[in-house]
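First up is the structure itself, then whatever we jot down about it.
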Amino acid sequence: MNGIWTRAISSALIGGLLAFLLVPVLTIIPMSFNESRYLEFPPTQFSMQWYEEFFTSSAWMESAAVSLQIAVLTSVLALLLGVPAAFGIARGKLPFETFLLSFFALPIVFPIVVSAVGIYYIFVPLKLTNTPLGLAIAHTMLALPVVIFPTLAALKRFDPLVEWQALNLGASRLQVFFSITLPILRPTFITAILFSFITSFDEIVFAIFIAGGSAVTLPRRIWETLRFEIEPTVTVVATLLIVISIGIMFVTLLTQKNLRKK
Amino acid sequence: MIRGTQTRRLIHWLGIAPAVLTLGLFYVIPVGMLLSRSLFDPDFTLEHYERIFSQSVYLDVLWITFEISLIVTALTLVMGYALAYAIYRASNRMRLVLLAVVLFPFWTSLIVRTFTFIILLQREGFVNDTLLSLGLITEPLQMVYNRTGVLIGMTYMLLPYMVLSIFSVLDRIDPIYQRVARGMGASRLRAFASTILPLSLPGVFVGSSLVFLLSLGFFITPALLGGRTDQMIAMVIEDQVNATLNWGFASALSATLLAATALFGGLLGIVGWMVRKRLNLGQA
Amino acid sequence: MMLKLGSMLGVLSILFMLAGCDNAAQQQELTIVTWGGSYQAAQEKAFFEPFEEANNVKIRVESYSGDIAKVKAMVESGEVTWDIVDVEGPILLRGISEGLYEPIDMGQMPLNDLMPEAVNEHGIAVIFYSTVLGYNTEHYADGGVPQSWAEFWDVENFPGPRSLRNWPMANLEFALMADGVAPENLYPLDVDRAFASLDKIKPHIDVWWEAGEQPPQLLSSGEVVLASGFNGRIFNAKKDGKPVAEMWNGGILDADWWVVVKGTKNKDLAMKFIAFASQAEQQQEMPKHISYGPVSIKANAELSADIAKDLPTYPEHLPHQVFINGEWWDENFDAVMERWQQWLLE
């Protein structure tokens, strides 16, 4: 096969795939600057009015704050619960490992609408309905698999030799954990935090069902807006989210040391 | 100081305990209680399960769900592997850029993405207009409110999961193997197939399983982008929960989905085990 | 380092949570749940804001998409946070059979002014709306708009992509009318005949819409040239300058209903609100913001012609439409819905 041709074709294909990934996201940005009340692409007239609408709308700002609050709480909780669990499974050589893994995978597999109703019921006597804390707890359940499985995978690739050496040299278990294990796993933890953050930030079904009242998240507000009146303000929200996520993205990637080629 | 195995065991159990307890209390028990409605509504009854198997519509929808999920998995596998491989072969700087692009859809709101697809793919939307003006087509293509729309939308959502799963495994593969194979005279294709491909299979496996499982639960995307024959089981379940208020039946449908998935997972497990044995890869 | 990060995040989250705590409201509060969009905006002008002013009450408005499951969960668990919900006809009946609503306190209601179709033991109608035939005005700029459902069904003389709702109600009625059944003879519905008629149009339906805002969108973007839709939404798009319009003949009239959730702590206030919203003065306000018909007899009589002509209850439009038969649908909905879902897949 002619090297130049294969290179050209494969570059074109990859380019096509990248375009496929980028185009829908990129089209949102110009749409947010469109004057028309209806969503259309390509945009016709420039206007900042929807940005004005968003930033002056107490409803949208409140939702942004609520979403942020809940996502942060979810990430913290998911990390606190999930990391020890991953360690326990990876290092423990426990008898019920497959069962435990299926157990932790349940939130991904089970239809979310049904679990929403079930969780709502439990939350009523606990007075957690319509509260940010309640939604955060529910989101943590969804985020647990997303923390546990990558951490587990990373731990399985982890060579314990370094830890043993440190122990042999007299370091305490705690010291080993904080100065050796954690730094090596830091990229994984950052991924886990970000994945749980996104799981919570973008989640909609629980947000509709379990929350409400003072806890109306961004996705829920977007959903309600789009179902009834396609309003360009949602493109503003989306654009801002894109910009924020680009920022977070670069931070993540810059800390991923293990991206360096071998 | 090396602790006794008993204490070590205890510590590991303690590590797992909080996660298990929280998941149990806030998820498994509530869900279990609702699932029990499928059999006890409030007295013992098999009518919900009977209904699933007697009315063909529910099994049809289950079949469509699996069909769509399989196709999406295949599509994301092909595209995802290509992208993961491209990232693997790219320079450090390109890697950053490519990964950022791949993760892009992941970070934007699901609903907004879906609506953007509608706007782009509709009859008089941007894609059709461009294709028409370039003369590539004479009639607008129907790309939304049908199976095509669903496949495009779902593949788009799930691609990042596949790419990351495969890439994280590819990343661990030392490129020396491939170079050696080439050095020994193997063609590009042969070198790839005999070195990279087998070693990347665990990533393929994990990525495919993840994408497949996630697809099964989709209902917003097919509802907005699909046509009348694109009913997925989660849509029906949602309808039973929210409109018909028949929670016993919704639970029965969910349990059936869970069972079908477990069955499928079991089959996958067996296949994976067989593949591992043949390729002699040991623990994946 | 992780410990520091962790504790920092922990402190931040606690701060966030505290900042997010609401102060206890001083006024009485009523929580009303409705459909969002232009409909909700109209209700705010016509009902919510005037009521708040007149009674020094805070109305908390929430939007929902018809997912009444939360109401069922609330009632069953005893923790009711929604006081009043604006529900569609079928949900009124479904909720009654599940015991989700309080009986209406008829003593408070302006009964002699309410149209008889607007009163139910467990609900009072908010407005009347109609599911009508909508069309793209640019496509039909030279005329030739279908004037009946029979003509909607006639794909040869009236070609073009179409959309109907993914929902058996109203569609079965349309199918029967297209097949030649006179409106007064519709009920009880001949389901087999209706599905046979639907079979003829099925291949020509490009989009089966779910949300009320879709038909105007689909029509104005040119995705379809004909669609069924709620008259109010189509009219609003028309007002916004979109190339859509409604055709009244054969429209199916239905009502949205105020219901009071069983077990709410604000029952009296809720009834007071419903009575307020049903009085002629407020009922005349609604049509100014959205073209749905008042349930008050006096309001209907006193509306100015230029507003009234766009309402389903307008004397010229009313005879061409049919009130949907709630009782028939309540009895037969489950079976028909299952058949509908199966039919859609074939």
Side-chain angles (χ1 to χ4, degrees), chain A residues 1 13-14 17-18 21-22 24-25 27-28 39-42 81-82 84-85 87-89 91-92 94 100 103-104 106-115 117-119 121-122 137-138 141 144 157 198 202 204 219 222-223 226 234-235 238 241-242 245-246 249-250 253 258-262, chain B residues 9 12-13 15-16 18-20 22-23 26-31 33-34 79 82-83 86 92 95-96 99-113 115-117 119-120 125-126 156 159 168 171-172 174-175 188 213-214 217 234 237-238 241-242 247 250-251 254 257-258 261:
Chain A
M1 272 207 286
L13 283 174
I14 298 292
L17 283 176
L18 293 174
L21 283 167
L22 278 178
V25 166
T27 55
I28 296 176
L39 289 182
E40 52 193 27
F41 187 82
L81 291 171
F87 268 94
I89 299 179
R91 301 276 171 93
L94 301 167
L100 276 173
F103 182 80
F104 285 122
L106 274 176
I108 297 183
V109 190
F110 198 77
I112 195 166
V113 247
V114 178
S115 41
V117 180
I119 295 181
Y121 261 90
I122 277 274
I137 294 177
M141 300 302 107
L144 267 179
R157 287 201 297 266
I198 276 299
D202 199 24
I204 187 159
I222 294 177
W223 173 249
L226 285 177
V234 295
T235 55
L241 290 176
I242 293 171
S245 64
I246 295 180
M249 184 64 46
F250 273 108
L253 293 177
N258 61 1
L259 270 191
R260 300 276 143 77
K261 288 184 92 122
K262 312 274 176 286
Chain B
R9 265 284 159 89
H12 289 130
W13 277 115
I16 301 177
V20 171
T22 346
L23 197 61
F26 290 108
Y27 190 88
V28 178
I29 290 180
V31 165
M33 274 166 32
L34 205 60
M79 292 191 223
L83 281 168
N92 264 332
R95 277 192 174 193
L96 277 177
L99 272 172
V101 173
V102 164
L103 290 176
F104 238 23
F106 199 52
W107 294 91
T108 55
S109 163
L110 169 105
I111 331 161
V112 181
R113 273 177 276 164
F115 272 94
T116 316
F117 270 120
I119 294 171
L120 289 172
F126 184 66
Y156 188 82
L159 203 49
S168 64
D171 194 34
R172 298 259 150 215
D174 199 325
R188 250 184 243 276
L213 288 176
L214 288 170
I237 294 176
E238 201 263 341
V241 169
N242 278 319
W247 293 351
S251 308
S254 308
L257 175 64
L258 202 58
T261 312

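All of these numbers come straight from a predicted model, not from anything done at the bench. Throughout, protein chains are lettered first and strands after them, A, B, ... in sequence-line order, and every chain is numbered starting at 1.
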With a 4.5 angstrom heavy-atom cut-off, which part of B/Ile16 approaches chain A: side chain, backbone, both or neither? both
Need one label for A/Ile137: side chain, backbone, both or neither, based on atoms under 4.5 Å from any heavy atom in chain B. side chain
Note: A/Val114 and B/Leu34 closest approach over all heavy atoms is O-CD2, 3.1 Å
Relative to chain B, which segment of A/Leu13 carries a heavy atom at a distance below 4.5 Å: side chain, backbone, both, or neither? neither
So do B/Leu23 and A/Leu81 actually touch side chain to side chain, heavy atoms under 4.5 Å? no
In this structure, CZ of B/Arg113 is separated from CD1 of A/Ile28 (nearest 0.5 Å) by 8.5 Å
Structural part of B/Thr261 lying under 4.5 Å from a heavy atom of chain A: side chain
Hey, could you give me the CZ/CD1 distance between B/Phe115 and A/Ile222, rounded to the nearest 0.5 Å? 10.5 Å
Proximal component of B/Val28, with respect to chain A [non-hydrogen, under 4.5 Å]: side chain
Would you check if B/Trp247 and A/Val117 make a side-chain contact, meaning some heavy-atom pair closer than 4.5 Å? yes
B/Leu257 versus A/Pro111, closest heavy-atom pair with distance: CD2-CG, 3.7 Å
pair A/Val25-B/Tyr156: side-chain heavy atoms closer than 4.5 Å: yes
Which value, rounded to the nearest 0.5 Å, describes the distance between A/Phe104 atom CZ and B/Tyr27 atom OH? 13.5 Å
With only heavy atoms counted, which part of A/Ile119 is less than 4.5 Å from chain B, the side chain, the backbone, both or neither? both
Check whether any side-chain heavy atom of A/Met141 lies under 4.5 Å from a side-chain heavy atom of B/Val31, and answer yes or no. no
What part of A/Ile122 gets closer than 4.5 Å to chain B, counting heavy atoms only: side chain, backbone, both or neither? side chain
What pairs with B/Leu258 under side-chain contact (heavy atoms from CB on, under 4.5 Å), at least two apart in sequence or on another chain? A/Leu106, A/Val109, A/Phe110
List the atom of B/Ala234, the atom of A/Val113, and the distance in Å for their closest heavy-atom pair. O-CG2, 4.4 Å
Chain A contacts, top residue of B/Gly217, B/Gly125, B/Ser251, B/Ser254 (heavy-atom pairs, under 4.5 Å): B/Ser254
Selection from B/Leu213, B/Val101, B/Leu159, B/Leu214 maximising heavy-atom pairs under 4.5 Å formed with chain A: B/Val101
Pick one of side chain, backbone, both or neither for B/Phe117, based on which atoms fall under 4.5 Å of a heavy atom in chain A. side chain
Return the option, out of A/Ala85, A/Pro24, A/Pro84, A/Ser115, with the maximum number of heavy-atom pairs under 4.5 Å with chain B. A/Pro24
State, to 0.1 Å, how close B/Val112 and A/Ala238 come at their nearest heavy-atom pair, and which atoms those are. CG1-CB, 3.5 Å
Is the shortest side-chain heavy-atom distance between B/Leu83 and A/Leu18 below 4.5 Å? yes
